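The structure appears right after this line, and notes come after that.
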2 protein chains.
Amino acid sequence: MLTDQRHQLIRDRLAAEGSVLAGELASRFGVSEDTVRRDLRELAKAGECRRVYGGAVASAPFAAATISQRGGHAIEEKARLANAAVAVLSAGQSLFIDGGTTNEAIARAIPRDIELTVATNSLGVASVLSDHPLVELIVLGGRYVRDLGTCVGADTLAAVAQLGADLFFLGSCGLDATRGVTAFDSSEAEVKRAMAGNSAGILIAVTNDKLATTAPYRVAAAGSISHLVVEKTAPAAILADFERQGAQIHFA
Amino acid sequence: MLTDQRHQLIRDRLAAEGSVLAGELASRFGVSEDTVRRDLRELAKAGECRRVYGGAVASAPFAAATISQRGGHAIEEKARLANAAVAVLSAGQSLFIDGGTTNEAIARAIPRDIELTVATNSLGVASVLSDHPLVELIVLGGRYVRDLGTCVGADTLAAVAQLGADLFFLGSCGLDATRGVTAFDSSEAEVKRAMAGNSAGILIAVTNDKLATTAPYRVAAAGSISHLVVEKTAPAAILADFERQGAQIHFA
DNA sequence: GCAAAACATGCAAGAACGTGCAGAACAAGA
DNA sequence: TCTTGTTCTGCACGTTCTTGCATGTTTTGC
């Protein structure tokens with residue numbers, strides 16, 4: 001049996017059942033467990049599964065499933081948020097848009113007949129806007145981080161530094177009325193800070209589960225948020241805190 | 001038995017079973033394993049299968065089938081070119097890849113188990129490589145040009161200037177043995193020139209209709225091409241001109 | 001805390017591989 | 001018919017890859 005065939009069979013089994021056992025595969029293929037372990041190690045290195053004690057579990061499909069479930073459930077809500085968010089746009093504005101699924105939804109919600117200048121470090125947002133005929137698109141390059149779907153690093157910061165925007169669509173992070181906007185990744189936070197610093201206003205669109213959460217890295221003070229787009233069911237008390245600090249609240 | 005007959009039988013077997021074993025084919029055809037290995041090597045070079053230890057597995061047809069639904073008729077030929085082009089890659093190399101549908105096909109043909117560093121100004125190439133787990137992806141940002149599908153301009157040039165690559169996959173342009181590589185757009189040519197200047201080698205993959213054509217803006221001399229990937233039916237006279245100037249010819 | 005299972009690593013044998021070379025088969029031309 | 005050149009093929013050689021085993025380490029279950 002070819003090594004490649006073993007790999008493919010393992011892939012199939014992972015896709016079908018979500019997990020495999022090293023010992024079982026060894027007896028099924030008629031090879032030693034060491035060989036199976038080597039196979040699993042290679043597949044794991046290629047990102048096609050995650051190695052666990054005793055075997056391996058599917059990574060990409062499983063992750064995709066959870067994302068699509070999460071996205072699938074909230075996707076309608078995110079589309080509503082996105083429509084409310086793009087309502088604040090006016091023709092001729094320039095925007096920063098960074099990463100996150102909410103921002104991709106916003107990019108999709110941007111009408112095709114509005115003239116805008118958009119700078120983004122998100123491949124997803126760039127792809128969506130790449131065929132909007134009236135959008136002048138500026139891609140903020142740099143080191144691409146798979147988990148974030150965005151570019152970060154010195155090159156990205158340098159590109160941001162040369163630009164200014166009327167509005168910054170700040171995506172997917174922690175949001176708290178006292179700690180302000182926070183992010184989970186240091187490099188990501190750097191870029192967001194740079195964008196925030198070069199923008200006249202900041203817009204954040206969040207689902208309820210993001211309200212009143214925090215992450216390690218500070219991005220911007222709560223007082224610098226100019227537009228906050230939330231679900232209709234968002235807790236009024238929390239919104240009042242943001243409103244008191246100058247944010248304009250928009251209900252989706 | 002004729003060589004061509006063997007090739008056809010191997011093709012049939014690949015199509016029917018998805019994989020073949022070198023030893024088994026040798027005894028079936030009554031030839032030495034060396035001869036079978038030679039056959040498989042040629043078929044792999046032509047993109048009709050993928051060589052693995054112990055034999056070969058079918059490669060292109062399935063992927064090409066889904067792609068060709070979306071694209072035109074040249075898609076299949078481009079996939080063959082792409083498979084031949086990625087054959088020159090070795091692990092650990094760093095690449096520049098610019099725009100064009102051929103380069104997107106090449107990006108798709110890059111195997112998922114090879115470690116590479118890739119810098120590209122093409123949104124399409126970046127999207128394809130964004131989920132290759134072992135590819136370190138650097139996005140070369142700048143002003144996005146819809147017609148080209150790439151970023152160009154001062155920002156892009158500055159980003160290219162900070163990088164170097166072992167190989168530059170130069171896409172979609174005019175190609176002539178005396179005028180060298182030429183492009184249709186001034187800004188595009190600038191970026192290509194910068195990439196060419198910072199690369200140790202240049203690879204160009206072209207369909208026959210691009211051979212012996214020219215465009216207004218010069219990109220690189222014919223002598224700077226290190227690898228030229230062409231269709232099997234490419235005119236030998238033209239290829240000889242390039243070969244005389246140092247290019248290594250690869251047939252898809 | 002202990003034993004068993006699972007694991008990673010190094011190693012050696014064997015299989016598969018690529019390359020260079022020489023002979024055989026074949027076609028083209030004198 | 002003979003010569004010449006080309007292509008195909010098999011063999012020899014050194015190299016690379018895979019695999020199973022031995023060894024020592026880590027994890028798990030009790």
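Letters A, B, ... mirror the listed sequences (proteins, then strands); counts begin at 1. Just so it is clear, the model here is predicted, and its values are computed rather than measured.
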Phosphate OP1/OP2 of dT9(D): any Ser32(B) side-chain N/O under 4.0 Å: no

Are the charged groups of Asp155(A) and Arg143(A) less than 4.0 angstrom apart, N to O? no

Who pairs with Asp4(A) by side chain to side chain donor-acceptor pair (under 3.5 Å), at least two apart in sequence or on another chain? Arg50(B)

With sequence neighbours excluded, residues passing side-chain contact (heavy atoms from CB on, under 4.5 Å) with Phe29(A): Met1(A), Arg6(A), Leu9(A), Ile10(A), Leu25(A), Val31(A)

Residues which pass side-chain contact (heavy atoms from CB on, under 4.5 Å) with Val206(B), listed by chain and number, not counting sequence neighbours: Leu175(B), Ile204(B), Lys210(B), Leu211(B), Leu228(B), Val230(B)

I'd like to check the ring pair (Phe, Tyr, Trp, His ring centres under 6.0 Å) partners of His7(A); sequence neighbours left out, ordered by chain and number. none

Salt bridge check: are Arg37(A) and Glu33(A) linked by an N-O gap of less than 4.0 Å? yes

Contacts of Arg28(A) that satisfy salt bridge (charged side-chain N to carboxylate O under 4.0 Å, His left out) - sequence neighbours left out: Glu24(A)

Does OP1 or OP2 of dT19(D) have a side-chain N or O of Thr35(A) closer than 4.0 Å? no

Leu25(A) CG - dA6(C) P separation (whole Å): 13 Å

At under 4.0 Å between heavy atoms, which parts of nucleotides 13-20 of chain C does protein reach? Answer with one letter per nucleotide, 5' to 3': B base, S sugar-phosphate only, - none. --BBBSB-

What bend angle does the helix from dG1(C)-dC30(D) to dA30(C)-dT1(D) show across its length, from five-pair end axes and to the nearest 10 degrees? 40°

Atom pairs, N/O to N/O, protein against nucleotides 22-24 of chain C, distance under 3.5 Å?
none

Going by the rule side-chain contact (heavy atoms from CB on, under 4.5 Å), which residues pair with Ser19(B) if we only count those two or more places apart in sequence or in a different chain? Leu2(A), Gln5(A), Val57(B)

From CG of Asp39(B) over to C1' of dG10(D), roughly how many Å is that when rounded to an integer? 13 Å

Rounded to whole angstrom units, what separation is found between the CZ atom of Phe29(A) and the P atom of dT18(D)? 16 Å

Suppose the criterion is side chain to side chain donor-acceptor pair (under 3.5 Å): which pairs have a residue in residues 217-229 of chain B, not counting sequence neighbours? His227(B)-His250(B)

Does Ser27(B) have any side-chain contact (heavy atoms from CB on, under 4.5 Å) partners at least two apart in sequence or in another chain, and if so, which? none

Residues two or more places apart in sequence or in another chain: which of them pass side chain to side chain donor-acceptor pair (under 3.5 Å) with Ser90(B)? none

